[in-house]
Each structure stands twice: as C-alpha cells, then as structure tokens.
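Here the structure comes first, spelled out in structure tokens, and everything after it is commentary.
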There are 2 protein chains.
Amino acid sequence: MRLLLVEDDLILKDGLERSFVKSGYAVDVISDGEGANKLLTYQEYDVIVLDLGLPKLSGFEVLKRLRARGSNTPVLILTALEDTQNRVKGLDLGADDYLTKPFELAELEARVRALIRRGVSGGSAKISFGDLTFDTTNRQCMAGDIALSLSARELALLELLMLKASKVVSKAKIMEHLCSWDDEISENAVEVIVSRLRKKLNVFDIEIRTIRGLGYLLAKLENQNP
Amino acid sequence: MRLLLVEDDLILKDGLERSFVKSGYAVDVISDGEGANKLLTYQEYDVIVLDLGLPKLSGFEVLKRLRARGSNTPVLILTALEDTQNRVKGLDLGADDYLTKPFELAELEARVRALIRRGVSGGSAKISFGDLTFDTTNRQCMAGDIALSLSARELALLELLMLKASKVVSKAKIMEHLCSWDDEISENAVEVIVSRLRKKLNVFDIEIRTIRGLGYLLAKLENQNP
DNA sequence: AATTAGCTGTCAGTTTCACGTCAGCTTGAT
DNA sequence: ATCAAGCTGACGTGAAACTGACAGCTAATT
C-alpha cells in the first residue's frame, strides 16, 4: 500500500515515516504544499496523511485541488487541538478523517488502516480468496487458523494480488505499490518475489498466473480456461 | 476509450500517440484545426487533447464550434507556459482542464484519466458486446465473472474490434493498432492472430466475420444474413 | 565488536512460450 | 477452371520469465 505523508515538522515527519515503513507501507514524504500538489497530479496513492499547516500552499488548498481533479483517494488531516474551525473546514473540503495533535501513533495507524479498508475492500478488515484470508489489521495471511510465515515483501505482494483478485496486475503496478519514490527495484526483483511467494502458496487452491507481457493475476486453480 | 489528439508538433505528436496507445487508448491523431473540426462533426470521442496553436483553424475555434454543436466531450487544452491569457480564454470557452508545456507525460495521462472518470461515461471504462465485457482499465476481457486468458496481441485485437463493434476494420488498421511504427508485421500475421482469437471466442455468442478484401468485423451470431 | 539469522535485491544460466513465418489447404469470386 | 484471399497446423526464434546462488544489509544476540 502506497502512502503519501505531507508534513513539515521534521521530528514528526521522520517518526511517522519510520513507523509506517515498518508497518509495510511504501511511503513518500513531502514537506511543502506546492510539491504535494504537483506530485498528486500524476501519482496515485492509496491514502494521504495531510498536515494542514504547510509552507507555500496550505493543506486546504492541496486537498481542494485534489478533489477538483476528481480524485477520491482517502485523506486524513492532522490539525492542532484547538483548531475546531479548520477541522470542520477540512472535512467540508473532502477529507475522510482527522486527528488532532498530539496523538497516539497507534491511533493514527489504526485510522489509516480503516480508511484503506473503507476505500478498497468494502469496509471489511479481511479479504478472502480461495483457501486464504488476508487480515489487514494484523497484516498477516491465514489459511484456516494457521498463519503463513511470509516476509514483508511477500505479504505486500500478496495483499495487492488479493485486493485485485482475478485481475491482471502489471509489474509496473506492483513496483509502484511496493516501493516509494527513492527506492526503485528492477523488474527481475518482482519476478523473484513472485517466485518466492509461489513456493509458499503451492499447497493451496490458488495460484499466481503469469500473463506474459502484461503481468500477474491471482486465480483459483479450478478456473482454468485453456 | 477513444481519444482524439490534435497537435501539429511532429515530435510531440508521435510521442503522445505512442504513449496513449501503449496505455490502451484507441487514438486518432490530426494535426490541423480544420480537419479536427470536420472530424468532430461526425465522430464522437471520450476525451480530446487539444493544442491551441494550430494551422488553418485555431484550437479556440475548434473548441468553440464543438461546444456550439452541443457536445460535452471532455477537452484538455495544451498551452505555452507564458500564455496565461489564452489559458483563461480556453477555460471560458468550455475546456475542462489545461496543461502548460512543457509537461510530464505522467501528468498528462493522469489528467486525461481524471477527465474520463469525471465525464459522462460514468467512470466505467468498459465496453460490452454480446457475452463479453472489455475492461479497459484492467486491460482484460470478461465473460460474466470469469476472465478470458488472452495474450497481449489477442487482447489488443479484441479491444479494437470491440471498440468498432459491427464496423469493418481493415487489416491495415489492425496492423497499425498492434504495431508501433518501427516494427512491421505481415498481413498474414494478422490472419494468424485472428485465427487464434477465434478459437478462444467460439464458445460465445459473437464471431469475427471476414469481409473479403476489406477486413474483419465483430458480430453477434444471431445477426446472420444468409 | 563480533556473530548470526533472516530478508531482499542482483546476477547469470536455464526454461518457457507468444508470435511471426511458412507452407499447404480451403474458400469464394469471376 | 483459375486465381486471389484467407485459414490454420507446424515450427523456430528471441524475448520474457523463472530460479538457484550469492552478497549486502539490518536487527537481534552474545
């Protein structure tokens, strides 16, 4: 899952980024409104965490323009405690949730997860496909009642494939979802992750099918059309 | 999705066309205002990318006449950087978005996508014909809820045929659509691709009919005139 | 500091398979 | 009957994908 963090406070910025990365998000961080606005014209995210007090272009303006372009990416805004007025204004402009500083890290993460859930899987914390159930809250994948032991990368890939189950996901899309802007990986790296994940999945009733030249898709074994 | 690109700069024209085609749009390109205006009187598009500086008839005039005919097709105009005045004029005339040169390719594509989403097409980038639904966003063809497993070439051909459903598509047009301009394929190659695609489609209620000497057309099986 | 263990990207050698070509056949028009 | 257009099974090729081995990195432990 790809997340954009727009925040100018140095300490907060670093702390949040590290924490999100650790939780398996691909995180881009930007500290001014102008840059954020520009970035958002051509880069899609799964969720945006937006501080309202920003240099150059206010968080309001960033949000307003994002919505004006027709995007419905979930946005969580961060406001100061006393700033009820602005909070309301933000929600009016199309923010999906807010959090007042100071806040608990765990709460922010929980709310971000909730936003992603709401946008993508119809509100459920769990995605099921075949034998497998992906639990987005604990970030683990279960087969029945036992948890698969997957690495962070494998987990992120499986999450993406399960979200788009039965749809073709291109390597470019995968790279985009697994990596933030400053760490790029090769196409081959994706192939390697797929290979490793396949090994761990081959006892179940699903498979990662290769569509040569286009990408991969998650399919149930029985649904083969030769 | 069908896109009209009106641009006279040779290099830009080719680059944009290739990029849009690669992203799965059916692209028509025309380089003068008069031709564009004429074309738009009888051909509908899902989105139009319009350069303002054009020979013969200015982009303004093309846009003005399009709106005068009552069309609400989304239009994105391209302007020179310093040309604020014209940009405003364009938006007044009914353009839906603008981009100043030079621009990022990714940004143009994102804005075009946004326009299509926002537009009258209701956001569903899907073409249906008979049993089949072609999902241009995910680039795959569904029969009910199962995805056909088609190769890249077969997919591209089917997309073209479905876009022009019930209309004759010449081999030349097909070759043009399947190949970028430095790799050419023989007419026979097209025949082979048609043959392979037919095999995969013959369980459904549509067929690829051969019109000897002219090309192919996609037709529903019941509509046979014997 | 050193060691260990697990994760992950790169590389290189191998395998796979989509697609264009070809050749021989079928169809249809005149 | 003749010829051109189209169809399709077979085949070779090269690009795409797979995967075992390895090395760099991080985090945890000693």
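Taking CG from B/Leu108 and CZ from B/Phe20, the interatomic distance works out to 4.0 Å, rounded to the nearest 0.5 Å.
At the phosphate of C/dC7, neither OP1 nor OP2 sits under 4.0 Å from any side-chain N or O atom of A/Arg153. Checking the phosphate oxygens (OP1, OP2) of C/dC7, no side-chain nitrogen or oxygen of A/Arg196 falls inside 4.0 Å. Proximity of A/Thr210 to the phosphate of D/dA16: no side-chain N or O atom is located under 4.0 Å from OP1 or OP2. The side chain of A/Arg212 contributes no N or O atom lying less than 4.0 Å from OP1 or OP2 of C/dC19. Phosphate proximity of D/dC7 to B/Ser195: absent, as no side-chain N or O sits under 4.0 Å from OP1 or OP2. Residue B/Tyr216 places no side-chain N or O under 4.0 Å from the OP1 or OP2 atom of D/dA5.
Between the C1' atom of C/dC17 and the CG atom of A/Leu214 lies a distance of 14 Å, rounded to the nearest Å. We find that CD of A/Glu154 is positioned 14 Å from P of C/dG6, with the value rounded to whole Å. For B/Arg209 and D/dG6, the CZ to C1' distance is 17 Å, given to the nearest whole Å. Computed from coordinates, the B/Arg198 CZ to D/dC7 P distance equals 5 Å when rounded to whole Å. Whole-Å rounding puts the A/Ile193 CD1 to D/dC18 C1' distance at 14 Å. Separating the CD atom of B/Glu187 from the C1' atom of D/dA4 is a distance of 12 Å, rounded to the nearest angstrom. Regarding A/Glu191, its CD atom lies at a distance of 10 Å from the P atom of D/dA16, rounded to whole Å. Straight-line distance from the CG atom of A/Leu155 to the C1' atom of C/dC7: 13 Å, rounded to whole Å.
Put simply, the side chain of A/Glu191 reaches to within 4.5 Å of the side chain of A/Tyr216, judged on heavy atoms. Side-chain contact between A/Leu148 and A/Gln140 is absent, with no heavy-atom pair separated by less than 4.5 Å. Two residues are said to be in side-chain contact when any heavy atoms from C-beta on lie closer than 4.5 Å; A/Val29 and A/Asp14 fail this criterion.
Residue contacts for A/Lys199: at a heavy-atom cut-off of 4.0 Å it reaches the sugar-phosphate backbone alone, with no base atom in range.
For the 3.5 Å distance criterion, the side chains of B/Glu34 and B/Asn37 fail to qualify, holding no donor opposite an acceptor.
Comparing atom distances between the A/Ile185 side chain and each of C/dT8, C/dG9, C/dG20 picks out C/dG9 as nearest.
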